[in-house]
Amino acid sequence: MQVTETTSEGLKREFQVLLPASELEDRLNSELSNIKGKAQLKGFRPGKVPVAHLRKVYGKSVMADVLQNAVNEANQKIVADNSLKLALEPQIEFPKDEEQNIVEKALEAKGDLAFKVKLEVLPTFDLVDLSDVTLTKPVLKPSDEEVQEALDRMAKQNRDFAAKDEAAAAETGDKVSIDFVGKIDGTEFEGGKGEDVDLELGSNSFIPGFEDQLVGAKAGDSRVVKVNFPEDYQAAQLAGKAAEFDVTVKGVQAPGDVTIDDELAKRFGMEDLDKLKEAVSKAIGSDYEAASRRKTKKALLDALDGKYAFELPPSLVTQEFASVWAQVEQDLKTREKTFEDEGTTEEKAQEEYRKIAERRVRLGLVLAQVGETADIKVSDDEVNQALFARVRQFPGQEKVVYDFYRNNPQALAELRAPLFEEKVVDHVLGQVKLVEEQVSKETLFAEDDEEAAPAETNEAATEKAAG
């Protein structure tokens, strides 16, 4: 097999592969000889079928395997001999006049097998020194007031309710049991019907205005509740529309006292109130730490993005842009909006999101090289823990989800990639100077325009570059 590099431009490589007819013949005969002892054909004793007859019967299928093996061998040889890291799988091109009849021609040994292998490789670049980078890490600790507010909510949500007298009217804070049927323009709509639904008046858990119109109702009352769905309602087909609900009140219950004590703690599986307070403080602190991590990570990625500039594999950028753009179009469709509604044009939006795609690919490649250089690994135990966490998200379908990931290496790799990325981020954060800054809750959870855009890295690029 002869392999010759014909093109080397940027990240693009092209090789010409030539497999002489004589070698094709030898490979074919070798494969036929291997199956001779196993072949069972009518009129021949096992192991006694002539190779010439095997060639007539199995030649095409065997030659197809020979050609596929030759292509695979060529790809492996090119990658190994040139120490290449591929951005995508190689593209194979056969001569136009041979494309349809390549197996037949090979069988007849009418000529050499020649084809092109087109590759796109990952860029090489040096890691930069980050000792001059200073990042601010926002810090917020749960206050006693926040813990108390959380306890108040927990106690209120878990207090007992007692049935009121049938003649008693529902007040704000009471719980009503209702049946309802929603209609738009006189027609019932999907998801607008419910039976024996408990609703606490004043909880604002239903459409704005719905609960207010049930204040004063008694058990057995029927009311028509008129509301307007919010413009930003999650179901786009209902957003902004006027609706009427036929409501039947089946019962009214008054709330009991809100008590925060050891008994409340035991309802949540805690020994006493002090243990519950500790758990609540820890939970709030975890939320704050997660928000701090997101902001710190984004600041780090911004800093890395400003430190690196190198040629990106066009195919990875194109793939990433296609993924991002599909999300943009789906979002507009769901919200029934246009680019004009968003104050832009499709062309400008594409330009903006292509830059985002480029950023994600660039950062994915950078983190991959950092991880490879630092020999950062994700253990099988860590992947298993992530798998079990994913499985728990689908109660009742645990085995189906588990089997899917276990039988799908690509899906399992998608669990490994974010674990690898977070380890690399921790490693890089150890190379920069972190300055903690006490912030308010509003500041910690505020999202500016830049944070609203996709800021994460491209996992496909990370995975490929990290091997």
**OP:** Kindly indicate, with the supporting measurements, whether the criterion salt bridge (charged side-chain N to carboxylate O under 4.0 Å, His left out) is fulfilled by E289 and K282.
**Re:** CA-CA 10 Å; E289 183 59 34; K282 184 177 180 179; over 6 Å; no
Original post:
Do L11 and L122 touch side chain to side chain, with heavy atoms closer than 4.5 Å?
Top reply: no
Original post:
If you count the non-hydrogen atoms of other residues, nucleotides and ligands that lie under 6.0 Å from CD in E271, is the total more than 12?
Top reply: no
Original post:
To the nearest 0.5 Å, what is the distance between CE (M270) and CG (D274)?
Top reply: 12.0 Å
Sequence neighbours excluded and cut-off under 3.5 Å, please list the side-chain donor-acceptor pairs for residues 208-219, or say none.
residue, atom, partner, partner atom, Å
E211, OE1, G202, N, 2.8
E211, OE1, S203, N, 3.0
E211, OE1, N204, N, 3.0
E211, OE2, N204, N, 3.2
E211, OE2, S205, N, 2.8
E211, OE2, F206, N, 3.1
Q213, OE1, K226, N, 3.1
Q213, NE2, G209, O, 3.1
Q213, NE2, K226, O, 2.7

Subject >> Heavy-atom neighbours of D126 CG exceed 12 at 6.0 Å >> reply: no
Subject >> Qualifying residues under salt bridge (Lys or Arg N to Asp or Glu O under 4.0 Å), relative to D174, sequence neighbours excluded >> reply: K164
Original post:
Is the number of heavy atoms from other residues, nucleotides or ligands under 6.0 Å of Q393 CD greater than 12?
Top reply: yes
Original post:
For R159, which residues count as a salt bridge (Lys or Arg N to Asp or Glu O under 4.0 Å) partner, sequence neighbours excluded?
Top reply: E200
**OP:** Evaluate the criterion salt bridge (charged side-chain N to carboxylate O under 4.0 Å, His left out) for residue pair E244 and K183; output intermediate values, then yes/no.
**Re:** CA-CA 5 Å; E244 291 187 356; K183 300 176 182 178; over 6 Å; no
**OP:** Determine, step by step, whether D305 and K355 satisfy the salt bridge (charged side-chain N to carboxylate O under 4.0 Å, His left out) criterion, reporting the C-alpha distance in whole Å, the side-chain angles of both residues, the deciding distance to 0.1 Å, and the verdict.
**Re:** CA-CA 12 Å; D305 193 42; K355 290 179 180 178; over 6 Å; no
Original post:
Thinking salt bridges, do R416 and D380 make one under a 4.0 Å N-O criterion?
Top reply: yes
Subject >> Closest contact, heavy atoms only, S281 versus P142 >> reply: O-CG, 3.5 Å
Subject >> Interatomic spacing from CG in N384 to CG in L415 - rounded to 0.5 Å >> reply: 10.0 Å
Original post:
Under the salt bridge (Lys or Arg N to Asp or Glu O under 4.0 Å) test, which residues partner E93, sequence neighbours left out?
Top reply: K118
**OP:** Decide yes or no on salt bridge (charged side-chain N to carboxylate O under 4.0 Å, His left out) for R335 and E342, but give the supporting numbers first.
**Re:** CA-CA 11 Å; R335 296 188 293 115; E342 301 297 312; 3.2 Å; yes
Original post:
Less than 4.5 Å apart, any side-chain heavy atom of F420 and any of I376?
Top reply: yes
**OP:** For the pair K156 and D152, find out whether any cationic side-chain nitrogen is under 4.0 Å from an anionic carboxylate oxygen.
**Re:** no
Subject >> Closest non-hydrogen atom pair between P90 and V117, with its separation >> reply: CB-CG1, 3.8 Å
Original post:
Looking at CD of E120 and NZ of K85, how far apart are the two atoms once the value is rounded to the nearest 0.5 Å?
Top reply: 16.0 Å
Subject >> Flag side-chain contact, heavy atom, 4.5 Å: T248 against F180 >> reply: no
Subject >> Residue K141 excluded, over 12 heavy atoms near NZ under 6.0 Å >> reply: no
Subject >> Worked check of side-chain contact (heavy atoms from CB on, under 4.5 Å) between F245 and V227 >> reply: CA-CA 8 Å; F245 287 84; V227 295; 3.8 Å; yes
Original post:
To the nearest 0.5 Å, what is the distance between CD (E188) and CG (D246)?
Top reply: 8.5 Å
Subject >> Evaluation steps, side-chain contact (heavy atoms from CB on, under 4.5 Å), between L301 and L367 >> reply: CA-CA 10 Å; L301 295 179; L367 292 186; 4.3 Å; yes
Subject >> Pair listing, ring-ring contact (aromatic ring centres under 6.0 Å, His included) test, anchored in residues 371-418, at least two apart >> reply: none
**OP:** Would you indicate whether D132, at its atom CG, is surrounded by more than 12 heavy atoms from other residues, nucleotides or ligands within a distance under 6.0 Å?
**Re:** yes
Subject >> Partner set under side-chain hydrogen bond (donor to acceptor under 3.5 Å, both in side chains) for Q253, not counting sequence neighbours >> reply: none
**OP:** Assess the side chains of N72 and Q68: does a donor N or O sit below 3.5 Å from an acceptor N or O?
**Re:** yes
**OP:** Please tell me if the side chains of L127 and Q369 come closer than 4.5 Å, counting only heavy atoms from C-beta onward.
**Re:** yes
**OP:** Check whether more than 12 heavy atoms from other residues, nucleotides or ligands sit under 6.0 Å from atom CG of D341, and answer yes or no.
**Re:** yes
Subject >> Selection residues 422-435 - residue pairs positive for side chain to side chain donor-acceptor pair (under 3.5 Å), sequence neighbours left out >> reply: R293-E422, R293-D426, K297-E422, E382-K423, H427-Q431
Original post:
Can you find a pair of side-chain heavy atoms, one from T296 and one from L434, that are under 4.5 Å apart?
Top reply: yes
**OP:** May I ask you to test the L365-F310 pair for a side-chain heavy-atom distance under 4.5 Å?
**Re:** yes
Subject >> Stepwise side-chain contact (heavy atoms from CB on, under 4.5 Å) test for Y308 and L363 >> reply: CA-CA 9 Å; Y308 288 92; L363 290 173; over 6 Å; no
Original post:
Counting only heavy atoms not in E340, do more than 12 sit closer than 6.0 Å to its CD atom?
Top reply: yes
**OP:** From the options D302, L429, V435, select the one residue that forms a side-chain contact (heavy atoms from CB on, under 4.5 Å) with L135.
**Re:** L429
Subject >> Partner residues of T334 under the side-chain hydrogen bond (donor to acceptor under 3.5 Å, both in side chains) criterion, sequence neighbours left out >> reply: Q330
Subject >> Which residues share a ring-ring contact (aromatic ring centres under 6.0 Å, His included) with Y233, sequence neighbours left out >> reply: F229
Subject >> Check: L84 and L86 side chains under 4.5 Å, non-hydrogen atoms >> reply: yes
Subject >> K377/D375 salt bridge by N-O under 4.0 Å criterion >> reply: yes
Subject >> Listed partners of F115 passing ring-ring contact (aromatic ring centres under 6.0 Å, His included), at least two apart >> reply: F94
Subject >> Any side-chain heavy-atom pair of Q148 and I260 under 4.5 Å >> reply: yes
Original post:
Looking at CG of L276 and CZ of R267, how far apart are the two atoms once the value is rounded to the nearest 0.5 Å?
Top reply: 12.0 Å
**OP:** Taking side-chain hydrogen bond (donor to acceptor under 3.5 Å, both in side chains) as the test, write out the residues that go with N75, two or more places apart.
**Re:** none
Original post:
Atom CD1 of I78 and atom CZ of R13: how far apart are they, to the nearest 0.5 Å?
Top reply: 12.0 Å
**OP:** Using the ring-ring contact (aromatic ring centres under 6.0 Å, His included) rule, collect all pairs that involve residues 317-339, keeping only residues at least two apart or in two chains.
**Re:** F321-W325, W325-F339
